[in-house]
Amino acid sequence: MTSRRANGRTPIVIVVLGAVACLVFALPLVALLVRVPWRSVGSILTSAAALEALWLSIVTSVVTTLLALGIGVPLAWLLARTHFFGKTFVRAVCTLSMVLPPVVAGVALLATYGRRGIIGSPLEAVFGLRLPFTMPAVVIAQLFVAMPFLVLTVESAFNSADQTVEDAARTLGASALYTFVHVNLPQARSSIIAGAVLTWARALGEFGATITFAGNFPGTTRTLPIATYLSLESDLGEALAMSMMLVVVSLTVLIAMRARFLPTLGESR
Amino acid sequence: MSRPVSIVVAAALVAACSSGPRGGDTLVVFAASSLNDVFTALATDSESGVSADFSFAGSSTLATQIVNGAPANVFASADERQMEVVISASTNAGAPVVFATNSLVLAVERGNPRGVHALADIDEPGLLVALAAQQVPLGQYSREMLASAQVEVTPVTLEPDARSVLAKVEMGEVDVGIVYRTDAMSSDEVDFIDLDESRMLSIDYYVVALDRSDDEAQAFIDRLVGTDGQQVLLNAGFGLP
Amino acid sequence: MTLSAEFVRRLGAVTLDVTVHVDRGETLAIVGPNGAGKTSTLRTLAGLERIDSGLVSWSNEVWDDPSSQTFRGPDERAVGFVFQQFALFDHLSVLDNVAFGLRARGVRRIEARRRASELLDQLSAHALAHRAPVTLSGGEAQKVALARSLAVSPHVLLLDEPFAALDATSRTDARRLLQEQRGDGLARILVTHDAVDALTLADRILVMENGRVTQIGTPDELVAMPRTMFAAEILGLNPLRGRLAGQVLDLGNMTLTVGAHECSDGAALAVIRPRSVSLHVAQPEGSPRNVWTSSIAGVDRSVDRVRVRLAGPLPIAVEVTHGGFEALGLREGDTVWASVKASEISVRQG
């Protein structure tokens with residue numbers, strides 16, 4: 001193992017501890033692969049039910065990511081660049097769902113958008129709209145749980161961005177909004193992409209809030225993680241095969257994104 | 001990490017991993033979630049001085065854990081199939097016995113605002129119905145019963161367990177849910193309608209000592225099938241075998 | 001048309017209290033020690049920071065007036081700002097950097113690029129048009145930053161330490177560029193800590209210390225009579241204009257031999273530090289290259305030094321110690337021999 005710095009040997013203690021950390025992640029993955037019933041994997045994964053769940057997962061997680069970009073990036077900018085009373089509290093509220101047990105998140109969402117919910121009840125009364133057990137509910141659950149990853153990543157990018165570049169844009173006649181779109185966003189591009197990928201990955205794996213708030217019905221709300229969890233009750237092999245599919249899809253995207261975009265993150269300007 | 005600290009941490013990890021199934025003389029009971037109230041009551045009423053640690057979860061989850069070496073002394077399953085999984089993987093388990101039965105009910109919001117009185121009522125359009133997923137026993141039983149009663153219903157959701165079905169009724173997200181009688185009885189938030197149709201399903205609860213020579217495990221099972229145990233089960237809404 | 005600013009602004013430990021007026025076509029240099037508030041003054045004039053009280057205006061257009069709740073943001077003032085570190089947009093090409101201001105003001109992309117391209121041509125920088133900012137040298141980046149701020153035709157051009165981030169060669173070029181741009185119809189304000197830049201590039205110099213204006217005047221006035229210790233130290237220099245030919249600087253009525261330099265022949269500016277000139281009652285022994293006679297036009301005594309102003313042919317200020325001056329026994333009007341080593345005379349292009 002060689003260190004990038006020519007004059008520094010990598011301390012053995014750090015190598016050992018780092019390797020242990022790596023094993024924490026890698027061992028269960030390897031074990032999963034070992035237990036997958038390889039002979040029947042093909043038929044399990046190409047079954048209509050599995051493909052339906054996969055497709056639903058991909059559609060909802062992509063929609064979630066796009067929505068998170070649309071509203072999460074402006075929130076990150078507000079948190080990074082404006083000063084207002086109670087900002088620390090607002091930031092905490094906006095990232096709380098990262099630590100909340102997802103099931104609790106689901107109950108909270110029901111209390112909000114459910115039939116008896118503070119929003120859901122007038123929504124149904126006025127528009128006849130019902131959110132629980134629908135595909136939009138899956139997206140809301142994913143958004144609630146996954147968007148903090150985007151907000152935190154992008155906020156720190158806005159925080160560390162060179163503010164004189166923003167000043168330069170303002171003196172050149174750019175309004176604050178024009179500056180946001182044409183200077184702040186491009187400056188934070190790498191972090192926005194990284195945050196979006198993290199958000200997407202979290203949304204793809206979302207289970208607890210989804211099943212609590214959106215329920216489970218094939219084709220509308222049964223995402224791949226829910227299908228996996230349910231097959232755990234009846235067929236371990238099927239559960240393992242579907243888990244593997246989740247792992248492969250996520251890993252592929254994470255690696256591809258890392259190779260394409262994330263190297264620029266570390267570069268100094 | 002300094003050397004003394006790392007040694008202590010390593011020692012603690014080893015100790016934690018190797019502590020046997022019986023920490024002191026505490027009995028470890030793995031039981032289906034629906035038995036939570038009953039078993040807890042039984043343990044607190046106990047005059048025998050035997051204390052028990054309970055782990056409540058879905059029968060299949062528990063079975064998987066036991067097969068993979070979880071330190072259980074007693075396994076109480078709501079599902080015959082999961083009991084078979086455990087027995088077939090064990091070399092010295094005792095003989096499983098049926099100690100209770102359960103039945104299915106329609107759980108509705110308290111006061112029954114939608115006027116549901118029989119299984120045949122739930123196919124009414126606009127009525128939101130929650131069932132358990134077919135991968136869990138409750139879901140299997142529900143399907144079987146609906147099929148034989150020739151009631152066709154399109155649920156809005158297929159919940160992963162009885163508690164989740166009940167919760168959807170409790171929160172008012174659905175109008176009707178099919179759950180175990182015992183689950184419905186444990187909730188103050190719902191009313192329920194007994195279903196004669198569920199009599200044909202034999203929903204039997206099995207219990208087994210995972211080591212047939214374990215006296216304390218056997219004592220626990222004896223209490224369960226004895227007069228006291230059966231009374232507690234009846235009070236909770238179970239049927240007797 | 002005049003930029004007028006009379007304002008107070010509290011900045012933690014320092015309170016800015018600035019009064020300054022800069023006319024169209026005029027260049028003002030702000031000099032002062034670190035932390036004096038020079039950059040904050042520029043940022044305030046640009047509208048990047050707001051004043052606590054006072055008034056900032058361009059002719060009849062009020063830019064910042066807290067008493068009437070009037071405030072124009074930086075995008076609503078006709079100011080150009082060249083930042084010390086240039087602050088180019090790394091995600092845009094040089095051409096699009098220069099076109100940015102026009103685009104932000106609603107000019108169509110093709111037209112904005114055409115005008116940006118013209119401007120780069122004028123600054124002999126068209127070769128940079130399609131480069132990425134990160135690939136530019138300091139001098140190139142500064143040229144682009146200047147072009148970018150000029151593209152939106154500002155009334156006021158603010159330059160913050162324009163030479164600080166440049167290497168020696170680029171500095172010479174950058175100074176020449178700013179020299180050429182003088183009198184182009186802009187009111188220009190230049191912050192610098194280099195007194196020679198202030199003397200050569202500015203019509204007037206504002207000395208700022210601890211948030212306050214301690215002196216403002218033409219370079220000649222400041223050189224002749226620096227009002228504070230700081231001004232005396234950095235501005236009490238003797239700038240001389242002439243034509244350079246090798247080591248010889250021709251001042252018209254006399255020539256001086258100068259020290260080593262990298263300037264090409266032609267118009268040049270030389271600087272003699274007052275303390276590097278020696279005074280003698282008789283022709284000095286040895287052979288310093290630059291020796292001449294003059295008469296004493298005036299004597300100013302400060303706490304630790306005596307500042308002697310010489311009359312023609314080389315009207316410069318000389319500083320000597322009290323002891324040294326007494327020993328010479330000189331008075332106003334006396335004839336005196338002055339000498340200065342060639343190596344003590346530094347020259348600049350321009």
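Sequence lines set the chain letters: A, B, ... in the order given, protein chains first and strands last, and positions in each chain run from 1. The structure presented is a predicted model; accordingly, all values stated were derived computationally and were not measured.
Formation of a donor-acceptor pair under 3.5 Å by the B:E173 side chain with backbone atoms of A:R115 is found in this model.
The neighbour count for B:R114 CZ, taken as heavy atoms of other residues, nucleotides or ligands under 6.0 Å away, is above 12.
With rounding to the nearest 0.5 angstrom, the CG atom of A:L230 is 8.0 Å from the CG atom of B:L158. Taking CG of A:L236 as the start and OG of B:S60 as the end, the distance is 10.0 Å to the nearest 0.5 Å.
The contact list for residues 18-33 of chain A toward chain B, using heavy atoms and a distance under 4.5 Å, is empty. For residues 120-138 of chain A, the interface with chain B (any heavy-atom pair closer than 4.5 Å) comprises A:R130, A:P132, A:F133, sorted by residue number. Among residues 212-222 of chain A, the residues having any heavy atom closer than 4.5 Å to a heavy atom of chain B are, in sequence order, A:T212, A:G215, A:N216, A:F217, A:P218, A:R222. The interface of residues 41-64 of chain A with chain B, defined by heavy-atom distances below 4.5 Å, is empty.
Both the backbone and the side chain of B:P155 come within less than 4.5 Å of a heavy atom in chain A. Only the side chain of B:Q82 comes within contact range of chain A, judged by heavy atoms closer than 4.5 Å. Both the backbone and the side chain of A:V107 come within contact range of chain B, with heavy atoms under 4.5 Å apart.
Most heavy-atom pairs under 4.5 Å with chain B: of the set A:G114, A:G117, A:S231, A:A111, this distinction falls to A:G114. The candidate from B:E109, B:R81, B:Q140 with the greatest count of non-hydrogen atom pairs under 4.5 Å with chain A is B:E109.
Shown here for B:K168 and A:I211, the closest heavy-atom pair between the two residues is NZ-O, 3.6 Å.
Ion pairing between a basic and an acidic side chain is recognised when a charged N comes within 4.0 Å of a carboxylate O; A:R116 and B:E170 show no such pairing.
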